Number of protein chains: 2
Amino acid sequence: MRNPTPLNHARLPTIRDVAAAAGVSPAAVSRHLNRSVVLPAETASRIDSAVAALNYRPNIQALRLSRGITQMIGVVTPDIAYPFFAMIASAAEEEASRFGYSVVICNTRNQIERELDYLDKLAWRHVDGLIFLTNHADDGTLGKRLERLQNVVLLDEDVAGTVAPKIFIDNHMGGLLATRHLIEQGHRRLAHVTGPAGVMSVKERFAGFRQAMAEAGLPVDEALVKFGAYDEAWGAEAFRQLFALAERPSAVFLASDALALGMLAACRAAGVAVPRSLSLVGFDDLPFVRYLDPPLTTVRQPAEELGRCAVRRLIETLRGLPVPDRPERLPVELVVRGSVAGHGSHPSLR
Amino acid sequence: MRNPTPLNHARLPTIRDVAAAAGVSPAAVSRHLNRSVVLPAETASRIDSAVAALNYRPNIQALRLSRGITQMIGVVTPDIAYPFFAMIASAAEEEASRFGYSVVICNTRNQIERELDYLDKLAWRHVDGLIFLTNHADDGTLGKRLERLQNVVLLDEDVAGTVAPKIFIDNHMGGLLATRHLIEQGHRRLAHVTGPAGVMSVKERFAGFRQAMAEAGLPVDEALVKFGAYDEAWGAEAFRQLFALAERPSAVFLASDALALGMLAACRAAGVAVPRSLSLVGFDDLPFVRYLDPPLTTVRQPAEELGRCAVRRLIETLRGLPVPDRPERLPVELVVRGSVAGHGSHPSLR
DNA sequence: CTGAAAGCGCTTACAG
DNA sequence: CTGAAAGCGCTTACAG
């Protein structure tokens, strides 16, 4: 009746072997190993010796079945190869491992079907919880599915109407800082190129942009605000559209570094000098943007901190702490490098 | 005796519930679901209906315990946030998921203790297999541990003396292509900046470098070959050392893009124009190096293909296929961009 | 062919 | 305090 050992596995010692070697019951070994009881020193050391001698380690599948937990969490992102998500996942793994959790990769390519697949995996207990990062607006599908699920923390982007722990950044402040910086450098005609309309981060960064413009008494020209996607292709395309305008902007605030990359490439192709002819501010601070030419001025998202924070919050949730009534907001920081030039009548003009 | 459901979990339907609803035994349900038997159509459809009605899915922990397999593989890398490893992991996840495997992140920070920890996890069956990528020379510790382990495939870098499936790239050809390209562009005084001496990839890329030099009848000046590490810091430091020389090189072949990044930054800081005063060829082709200024000429490693290939090979191993007697070698490709200029007496000089 | 039962290796409520 | 036993939810060798 014993299953043939699959995968050519050698038989590993079990808790019964340890018990036999130590002359106690399996229950005693279990309790001692889990510290749910304090045994007489002599007995305890007999067990410890047996464990060491046999090189025993509890079978994790058995543990999981009997305890009903997996000690695993999933990190759901569009693609773990994108540096921002990779940094989050890496930091999440590090933090998770200190709590004894493993993290499994859940790539969605930003497809809702795959997002739902991973939510199913949570429902079927393949993992204890999920750190969920989506990059598209929800038509209600996600929200409805999330309603019946516990143990997911929403990271970086909201799913409207969902009750869950949420870790976001201060998008509004990011938009404000980027735009103020441009204005301080003397720019007056500003464009904003951003991701899909309807997504929280897009709305909030745009709100920051508008506030900075309002503070400076500057009008927001609708023709200079380009909603689309967070990717390189849209950055390049947006450049073409802006470049075709009669009155071109002298600077643009881009809501992601990928957008900035795309626009930078398009600028080069068109022979437009950055920052002399066009100033750019990005968003994210991907690790390599300081090596670009010019080094990119951008708004830094604390990727590692986001990952760590999400793991801590998730583990608290798993331990039964109530869902906080408002999102946690991590601070954002303007990193001034070389992609913004002084412009126009501003005193700091060069 | 029933455990209290942890994590506030609702009770999920079990195979007994399905069996009861369909009026058959749990064994029948199990066999039908695993297609290990063909039931009369009428019975089969009763079971299918019960599964659908109850929204039943087998408990994966129970499956794992009874079958002794986890359907999970680990991807062991120094840090999944480094783009090259991130791309490998991402492609590995995609390929693994089509075979029903999940992939768990195993970051080692290039520390042998953490590498051994993950090998332990394999030994304790936390995963079925490991894709193992290390970046340092082994003093024998790793090799000895690996000896007793099955189901690990070595990726990108060797651990000397180990019997295991191995997926490498054609490092020698990479060194050859990079160096030939430099020579063809008229360079004669070439430097080579590379990773830690003793590591397979370092040795092989260097051998390619030497072969190209020999082909051209050029001597290899030991003072221009810099072993160290694969990272940015070493690229910058190597530049300083090279720059301090009386007879400086006109071009350098760097064994990673990270090295090239570090050297590029150091060049800028020193006011050395690339490629006019110094030509650079990197290795890896990280996704963003085409956005550098100048766009980096580099040797492309097929990162995604490496990840996919490693997964396929691992799954074959899990299915009992024998270990191939020689490493699989994936081809490499020179990507010519803008970081190499013509030089000296060569006809193509500009 | 089909089901009852034993087994995978733990945990823990219960009884002594 | 300690152990025997039942249970977690599957799979599968065995018997009918």
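Scope of the values below: all heavy atoms of this structure, side chains included, with no hydrogens, waters or symmetry mates. No experiment lies behind these values; they were computed from the predicted model shown. Protein chains get the first letters and strands the later ones, always in sequence-line order, with residue 1 at the start of each.
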Undergrad: Any donor and acceptor pair, going by atom type alone, linking the side chain of B/Q61 with main-chain N or O of A/R125 inside 3.5 Å?
TA: yes
Undergrad: Can you identify which nucleotide, out of D/dG9, D/dG3, C/dT2, has its nearest atom closest to the B/P40 side chain?
TA: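 Nearest nucleotide to the side chain: C/dT2.
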Undergrad: Looking at A/N34, I'd like to know whether one of its side-chain N or O atoms comes within less than 4.0 Å of OP1 or OP2 on C/dT11.
TA: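 Answer is yes, contact under 4.0 Å.
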Undergrad: Looking at side-chain heavy atoms only, is the closest gap between A/V127 and A/I73 below 4.5 Å?
TA: no
Undergrad: Using whole Å, report how far CG of A/L63 lies from C1' of C/dT12.
TA: 13 Å
Undergrad: Of the residues in residues 14-21 of chain A, which ones touch DNA chain C at a heavy-atom distance under 4.0 Å?
TA: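 Contacting residues: A/T14, A/I15.
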Undergrad: If you look only at pairs with a residue in residues 26-46 of chain A, which of them pass as a salt bridge (charged side-chain N to carboxylate O under 4.0 Å, His left out), with sequence neighbours excluded?
TA: A/E42-A/R46
Undergrad: Between B/Q61 (CD) and D/dG7 (C1'), how many Å, whole number?
TA: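 It works out to 16 Å between those atoms.
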Undergrad: Can you identify which nucleotide, out of C/dA4, D/dC8, D/dT11, has its nearest atom closest to the A/L65 side chain?
TA: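 For the A/L65 side chain, the nearest candidate turns out to be D/dC8.
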Undergrad: Evaluate the side-chain proximity of A/F168 to A/M200: yes if any heavy-atom separation is below 4.5 Å, no if none is.
TA: yes
Undergrad: Under the salt bridge (charged side-chain N to carboxylate O under 4.0 Å, His left out) test against A/R312, which residue among A/E328, A/E94, A/E305 passes?
TA: A/E305
Undergrad: Nearest whole Å is fine: how far is C/dC10 P from A/H32 NE2?
TA: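 After rounding, the reported distance stands at 16 Å.
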Undergrad: Between B/D138 and B/G143 (side chain of the first, backbone of the second, donor and acceptor by atom type, cut-off under 3.5 Å), is there such a pair?
TA: yes
Undergrad: Measure from the side-chain heavy atoms of A/S30 and tell me the nearest of D/dG3, C/dT11, C/dT2.
TA: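 So the nucleotide nearest the side chain must be C/dT11.
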Undergrad: Distance check needed: C/dC10 P versus B/R125 CZ, whole Å only.
TA: 12 Å
Undergrad: Output the rounded distance in Å from CG (A/N59) to P (C/dG7).
TA: 17 Å
Undergrad: Given atom CZ of B/R67 and atom C1' of D/dC10, what is their separation to the nearest angstrom?
TA: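 Result: 9 Å.
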Undergrad: Looking only at atom types and distance, does a side-chain atom of A/N110 sit under 3.5 Å from a main-chain N or O of A/N135, one as donor and one as acceptor?
TA: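 Here the side-chain-to-backbone pair exists.
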Undergrad: Under 4.0 Å, heavy atoms only, any strand: does A/A27 hit a base, just the sugar-phosphate, or nothing?
TA: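 Here A/A27 touches the bases of the nucleic acid.
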Undergrad: Classify the nucleic acid contact of A/L39 as base, sugar-phosphate or nothing, counting any heavy atom under 4.0 Å across all strands shown.
TA: sugar-phosphate
Undergrad: Whenever both distances are under 3.5 Å in a Watson-Crick or G-U wobble pair, mark it; put DNA chain C into dot-bracket that way, with [ ] for crossing pairs and | when the partner is on another strand.
TA: |||.||||||||.|||
Undergrad: Within the 4.5 Å heavy-atom criterion, are B/N55 and A/W124 side-chain neighbours or not?
TA: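 Side chain of B/N55 against side chain of A/W124, heavy atoms only: contact under 4.5 Å found.
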Undergrad: Using OP1 and OP2 only, check whether a side-chain N or O of B/S66 sits under 4.0 Å from D/dT11.
TA: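 Answer no for this pair, as no side-chain N or O of B/S66 is under 4.0 Å from OP1 or OP2.
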Undergrad: Any heavy-atom pair between the side chains of B/I80 and B/V75 that's under 4.5 Å?
TA: no
Undergrad: Figure out the CZ/P separation between B/R11 and D/dC8, and round it to whole Å.
TA: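 So the CZ-P distance, B/R11 to D/dC8, works out to 8 Å.
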Undergrad: Would you mind reading off the distance between B/I60 atom CD1 and D/dT11 atom P, rounded to a whole angstrom?
TA: 11 Å
Undergrad: Does a distance-only test, which skips hydrogens and angles, find a donor-acceptor pair under 3.5 Å between the side chain of B/R31 and the base of C/dG3?
TA: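 Between C/dG3 and B/R31, which were checked side chain against base, a qualifying N/O pair under 3.5 Å is present.
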Undergrad: If you assign B/G23 and A/R57 each to the DNA chain C nucleotide with the nearest heavy atom, which residue ends up on the more 5' nucleotide?
TA: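 It is B/G23, whose closest nucleotide lies nearer the 5' terminus.
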Undergrad: When you measure from the side chain of A/T317 to the backbone of A/R313, do you find a donor-acceptor pair of N or O atoms at a distance under 3.5 Å?
TA: yes
